[in-house]
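What you see below is based on every heavy atom in this structure, not just the backbone, and it leaves out hydrogens, waters and symmetry mates.
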Amino acid sequence: MRPTETDVDDHLRRAADRTLTEMDAIITGILTGRSRRLWAGTFWGGTEQEIIGYADIAQPRPRGRSVEWFAVGLASQKNRYSLYVNVADEGRYLSRMYAERLGRVKVGAAAIAFEDVDSFDRDALTEMLRHVDRLTPP
């Protein structure tokens with residue numbers, strides 16, 4: 001996956017998707033002033049994806065050097081949406097730390113699958129995103 005030159009607002013207008021638009025507003029409202037770029041390409045598992053990435057980070061890799069990535073990512077999948085939270089606190093992914101409080105979602109290591117924006121407990125989502133904001137460099 002690589003960042004693209006595609007304008008995120010144009011991408012959201014083309015998608016005309018309430019959940020993507022509302023989630024983007026929630027994320028950008030908390031990660032104010034952070035990068036916001038559309039990433040595209042082959043993702044884990046070999047699928048072609050487009051992900052809105054927020055707050056550029058250097059993601060450490062177990063073997064080799066760190067890679068350019070995003071702290072939070074938002075994507076529309078075939079039958080659901082995904083929120084990627086690539087930030088850990090004391091070795092534990094924030095998505096796992098907040099899993100029990102996030103609402104009607106399915107939490108993996110760094111990925112949260114959900115049906116729509118209303119699947120989330122907004123207070124818990126906001127708290128998790130503020131935690132991301134505190135842990136990532138401006």
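- Between Leu20 and Ser76, the shortest heavy-atom distance links the atoms CD1-CB, 4.0 Å.
- Counting only N and O atoms by type, the side chains of Asp116 and Thr19 include no donor and acceptor under 3.5 Å apart.
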CA sep, side-chain torsions, deciding dist, call: Thr32, Arg34, side chain to side chain donor-acceptor pair (under 3.5 Å): CA-CA 6 Å; Thr32 305; Arg34 303 302 184 91; over 6 Å; no

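- Scanning for salt bridge (Lys or Arg N to Asp or Glu O under 4.0 Å) contacts around Arg36 gives Asp9, Asp24, with sequence neighbours left out.
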Test log, rule salt bridge (Lys or Arg N to Asp or Glu O under 4.0 Å), inputs Arg122 and Asp118: CA-CA 8 Å; Arg122 299 283 178 110; Asp118 299 320; 3.7 Å; yes

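- In this structure, OH in Tyr98 is found 11.0 Å from OG1 in Thr126, a value given to the nearest 0.5 Å.
- Applying the side chain to side chain donor-acceptor pair (under 3.5 Å) test to every pair with at least one member in residues 62-75, sequence neighbours left out, gives these pairs: Arg37-Glu68.
- Checked against side chain to side chain contact (heavy atoms under 4.5 Å, CB included), Thr4 has the following partners two or more places apart in sequence or in another chain: Thr6, Leu38, Ala40.
- The minimum heavy-atom distance between Ala110 and Ser95, with the atom names listed, is CA-OG, 3.6 Å.
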Validation: residues 83-90 side-chain donor-acceptor distances under 3.5 Å, sequence neighbours left out:
{"residue": "Tyr84", "atom": "OH", "partner": "Gln77", "partner atom": "NE2", "Å": "3.2"}
{"residue": "Asn86", "atom": "ND2", "partner": "Phe70", "partner atom": "O", "Å": "3.0"}
{"residue": "Asp89", "atom": "OD2", "partner": "His131", "partner atom": "NE2", "Å": "2.7"}

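- Contacts of Arg130 classified as salt bridge (Lys or Arg N to Asp or Glu O under 4.0 Å), with partners at least two apart in sequence or in another chain: none.
- In terms of heavy atoms, Ala71 sits closest to Val132 at CB-CG1, 4.0 Å.
- Across all non-hydrogen atoms, the minimal contact from Leu31 to Leu129 is CD2-O, 4.0 Å.
- Between Ile26 and Leu125, the shortest heavy-atom distance links the atoms CG2-CD2, 4.1 Å.
- Sorted by first and then second residue, the salt bridge (charged side-chain N to carboxylate O under 4.0 Å, His left out) pairs with a member in residues 92-113 read Arg101-Glu127; sequence neighbours excluded.
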